[in-house]
Amino acid sequence: MGARAPASDWANDFDHLDPRWVEDPYPIWQELRRTCPVAHTDRFMGVYFPTRYEDIRAIAYDTENFSSRRAIIREGRPLLPPTPPLTSDPPAHRADRKVLLPRFTPAAVEKLEPRTRALCREALERLSGKTECDAAADYAQEIPTRVTARMLGISEEAGELFRRWVYEALELGVEQPDIAKRAIAEMGAFFTAEVARRRLEPGDDLVSYLLDVRIAGEPLSDEHIANTLRLLLLAGITSTWSMIGVSLWHLATHADDRARLAAEPGLIPTAIEEFLRAYTPVALARQIVKDTEIGGCPLKQDEMVLLHFGAANRDPAVFPDADKVIIDRAENRHAAFGLGIHRCIGSTLARMEMRVALEEWLAQFPDFVLSPGAVVKWSSGTVRGPRQLPVTLRR
Ligand code: HEM
């Protein structure tokens, strides 16, 4: 990885890969909201960073001036294949999204819950007798990788391969486009083979389902299916494992909240909403279609916008005590799953995975703390979450 020049000034030269931002972005955002609510950088060929809820909302809803065709900010502009519906703009977006919705209804998600619970128990079983573990690698990452594999009708063992692709496409690949391209090509080949296999042996899985659906009477091309599957893999895994990980990080570092949730598991769904608000993992992007303005700030055509829903969720104009994590916060209409036409279609699934993961962990380990001298490593790039989280399990 090339050594990066540190950001000299967050308002005019911000860098979301700067280690200070990766470690603790919230004070930076707070300061910007007060002093320069739409920051800019010439890095990554020009990016704006809005920090106020209203501005982020306005951009997410304005699909005429802001396109999703480039959804990730990277060094250089590698020609990456699209990932419908995330990178689709109107009018194509509506149909690309609609075909997926039946697989993500509450009823469809409910069917995945028993296996999700069993996976959590199996991961906890592997930790039995231990007093130390890496809650990110040994637990958080285990769950969505395997749930996603199951949803796609692929062996859960492929979870390991998925971890590598996620790391290469969304973390390493942000600075090293060749690595992203390679991972994306590998995923493309993998899913093309899966599509061919399912054509011969259809099952009750998402790949077979995508082979059956029609848009305007036409089947989806193999390429469209492979690209959508790649999106579901990346979107479904990283954000959810990041949220399970950061929730455990919060509980390992806040004894009162941990004791309260262990004693009152009924509060877990409310606490999860607060973790989603306060530690929103996903920062996607938009490309500016034509010169425009936001919150009084002129924006130049072709540059990018870092659309960080986490910045919206920390705006004190909308959330009182926005930088405080209040696990029984009553009013919490956060934007962690996005706003507007691209709002996450996997939110019910993600919430179920987070709830089951926390219920099972707290039932097994009601008392745990960060290990003494622990180094917590946070991912940088599109999705933020702990990738290394050493904890001590007390019995
Ligand atoms: C806690 C976990 C998750 C978070 C925080 C999250 C967040 C988001 C956000 C912020 C967007 C909007 C992107 C934009 O406006 O450009 C989005 C879109 C999307 N998410 Fe999620 N997501 C999560 C889990 C999932 C899961 C589990 C899946 C499916 C397996 C999924 C599939 C998608 C898809 C397909 C889109 C694109 C929707 C569209 O463009 O119409 N996500 N997600």
Side-chain angles (χ1 to χ4, degrees), residues 10-12 14-16 21-22 24-41 47-68 71-73 86 235 239 242-243 246-247 250 270-289 292-299 303-347 350-351 354 381-385:
W10 297 116
N12 301 297
F14 83 82
D15 186 338
H16 62 300
W21 176 305
V22 172
D24 188 13
Y26 310 115
I28 302 172
W29 300 351
Q30 193 185 50
E31 178 66 11
L32 283 175
R33 219 177 275 112
R34 219 172 42 77
T35 56
C36 175
V38 184
H40 182 260
T41 186
V47 186
Y48 297 89
F49 173 55
T51 49
R52 289 186 299 216
Y53 184 98
E54 267 322 304
D55 294 342
I56 292 167
R57 183 177 183 284
I59 294 170
Y61 277 93
D62 180 357
T63 52
E64 266 181 38
N65 286 307
F66 300 95
S67 164
S68 287
I72 296 187
I73 288 167
L86 185 76
S239 14
S242 295
M243 277 312 309
V246 81
S247 305
H250 178 90
T270 312
I272 283 174
E273 296 308 313
E274 181 65 345
F275 296 149
L276 280 162
R277 182 196 69 80
Y279 303 121
T280 309
V282 180
L284 282 152
R286 297 290 187 269
Q287 188 166 22
I288 300 162
V289 176
T292 181
E293 62 93 27
I294 202 78
C297 169
L299 308 186
E303 292 206 358
M304 300 289 290
V305 175
L306 176 63
L307 200 62
H308 204 316
F309 295 102
N313 286 338
R314 292 264 183 162
D315 184 346
V318 179
F319 300 96
D321 285 325
D323 280 329
K324 269 201 199 147
V325 179
I326 303 169
I327 60 167
D328 58 359
R329 191 181 280 270
E331 270 284 298
N332 199 351
R333 292 174 61 81
H334 63 74
F337 290 111
L339 296 163
I341 64 165
H342 290 281
R343 198 181 170 284
C344 183
I345 63 172
S347 58
R351 284 181 164 123
M354 288 178 68
T382 313
V383 183
R384 179 176 189 269

Which atoms form the tightest heavy-atom contact between [X] and [Y], and what is the distance?
{"X": "Val383", "Y": "Ser242", "value": "CG1-OG, 3.4 Å"}
{"X": "Asn332", "Y": "Arg277", "value": "OD1-CD, 3.3 Å"}
{"X": "Asn313", "Y": "Ala335", "value": "OD1-N, 2.7 Å"}
{"X": "Met304", "Y": "Ala285", "value": "CE-CB, 3.8 Å"}
{"X": "Ser247", "Y": "Met354", "value": "OG-CE, 3.9 Å"}
{"X": "Ala278", "Y": "Arg314", "value": "O-NH2, 2.7 Å"}

Row check, Tyr61 ring normal vs Arg57 NZ/CZ: under 6.0 Å, within 45°:
yes
Trp10 and Trp21 aromatic ring geometry - parallel, tilted or perpendicular at 30°/60° bounds
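Tilted.
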Angle class for the His308/Phe49 ring planes (parallel below 30°, perpendicular above 60°, tilted otherwise)?
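The arrangement is perpendicular - the two ring planes meet at more than 60°.
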Does the side chain of [X] reach to within under 4.5 Å of the side chain of [Y], using non-hydrogen atoms?
{"X": "Leu276", "Y": "Met243", "value": "yes"}
{"X": "Asp315", "Y": "Thr51", "value": "no"}
{"X": "Phe337", "Y": "Arg351", "value": "yes"}
{"X": "Phe66", "Y": "Leu299", "value": "yes"}
{"X": "Ile28", "Y": "Phe14", "value": "no"}
{"X": "Asp323", "Y": "Asp321", "value": "no"}
{"X": "Ile294", "Y": "Tyr48", "value": "no"}
{"X": "Tyr279", "Y": "Val325", "value": "yes"}

Quick check on Glu331: does its CD atom have over 12 non-hydrogen neighbours (other residues, nucleotides or ligands) under 6.0 Å away?
no
Using modelled atom types only, decide if a donor and an acceptor are shared between the side chain of [X] and the backbone of [Y] within a distance under 3.5 Å.
{"X": "Arg286", "Y": "Val305", "answer": "no"}
{"X": "Gln287", "Y": "Ser67", "answer": "no"}
{"X": "Arg33", "Y": "Ala311", "answer": "yes"}

From [atom1] ([X]) to [atom2] ([Y]), nearest 0.5 Å:
{"X": "Ile72", "Y": "Leu306", "atom1": "CD1", "atom2": "CG", "result": "11.5 Å"}
{"X": "Ile56", "Y": "Leu339", "atom1": "CD1", "atom2": "CG", "result": "8.5 Å"}
{"X": "Leu284", "Y": "Thr382", "atom1": "CG", "atom2": "OG1", "result": "6.5 Å"}

Just by distance, no angles: are the side chains of His334 and Thr280 close enough, under 3.5 Å, to form a donor-acceptor pair?
no
